[in-house]
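Quick caveat: nothing in here was measured; it's all calculated off a predicted structure.
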Amino acid sequence: QVQLVESGGGLVQAGGSLRLSCAASGRSFSSYGLGWFRQAPGKEREFVARHNWSGGNTYYADYADSVKGRFTISRDNAKNTVYLQMNSLKPEDTAVYYCAARWKTIATIPSTRDNYWGQGTQVTVSS
């Protein structure tokens with residue numbers, strides 16, 4: 001059974017920073033794509049960032065346009081953990097942030113069928 005547990009959310013002022021963590025258990029995720037998505041009230045879940053496996057020890061990251069230059073995704077395979085460093089936060093970043101995992105690659109579409117999902121962590125950015 002794969003489990004993903006997010007942490008690190010909270011309340012922060014605009015311009016501030018937060019680092020989200022997602023700890024995975026159940027198997028080694030070194031060959032998995034890992035991603036972050038978010039869902040604001042009344043909106044659909046949307047892609048934020050992903051860190052995909054492209055073979056061997058090679059990974060690549062990409063980001064939604066709305067967070068490029070502000071957010072950074074990274075992973076520590078020894079700890080089975082993926083991180084999302086969020087800087088220069090804006091009120092529009094307020095959402096529940098979800099971690100997701102899938103063999104090799106995470107798509108930017110938030111598939112409930114293909115991905116493992118965490119329970120989410122709330123991020124609130126005040127103006």
Can you tell me how far OG of Ser126 sits from CD of Gln13, rounded to the nearest 0.5 angstrom?
5.0 Å
Side-chain contact test, heavy atoms from C-beta onward, threshold under 4.5 Å: evaluate it for Phe37 versus Ile106 and give yes or no.
yes
Could you check whether any side-chain heavy atom of Trp103 comes within less than 4.5 Å of a side-chain heavy atom of Ser31, counting everything from C-beta outward?
yes
Is the CD1 atom of Ile109 crowded by more than 12 outside heavy atoms at less than 6.0 Å?
no
Any side-chain heavy atom of Gln85 within less than 4.5 Å of one from Ser17?
yes
Give a yes or no answer on whether the side chain of Thr124 reaches the backbone of Thr94 with a donor-acceptor pair at less than 3.5 Å.
no
Side chains of Tyr59 and Asn77, heavy atoms from C-beta outward: is any pair under 4.5 Å?
yes
Check against side-chain contact (heavy atoms from CB on, under 4.5 Å), Met86 and Leu20:
CA-CA 8 Å; Met86 306 186 294; Leu20 305 183; 3.7 Å; yes
Mind checking whether Ser66 and Phe47 have side chains closer than 4.5 Å, heavy atoms only?
no
Would you call the rings of Phe71 and Tyr97 parallel, tilted or perpendicular, taking 30° and 60° as the class edges?
tilted
Any side-chain heavy atom of Arg38 within less than 4.5 Å of one from Glu46?
yes
Taking the side chain as C-beta and beyond, is there a heavy-atom pair between Ser21 and Lys79 under 4.5 Å?
no
side-chain contact (heavy atoms from CB on, under 4.5 Å) between Cys99 and Trp36, intermediate numbers included:
CA-CA 5 Å; Cys99 172; Trp36 289 95; 4.1 Å; yes
Quick one: sort the Tyr98 and Trp117 rings into parallel, tilted or perpendicular, breaks at 30° and 60°.
perpendicular
Student check: side-chain heavy atoms of Asn52 and Lys104 closer than 4.5 Å:
no
Can we say Lys90 and Asp93 salt-bridge, meaning some charged N sits less than 4.0 Å from an Asp/Glu carboxylate O?
no
If you count the non-hydrogen atoms of other residues, nucleotides and ligands that lie under 6.0 Å from CD in Gln119, is the total more than 12?
no
Minimum heavy-atom separation for Leu18 and Leu89, please, with both atom names.
N-CD1, 3.9 Å
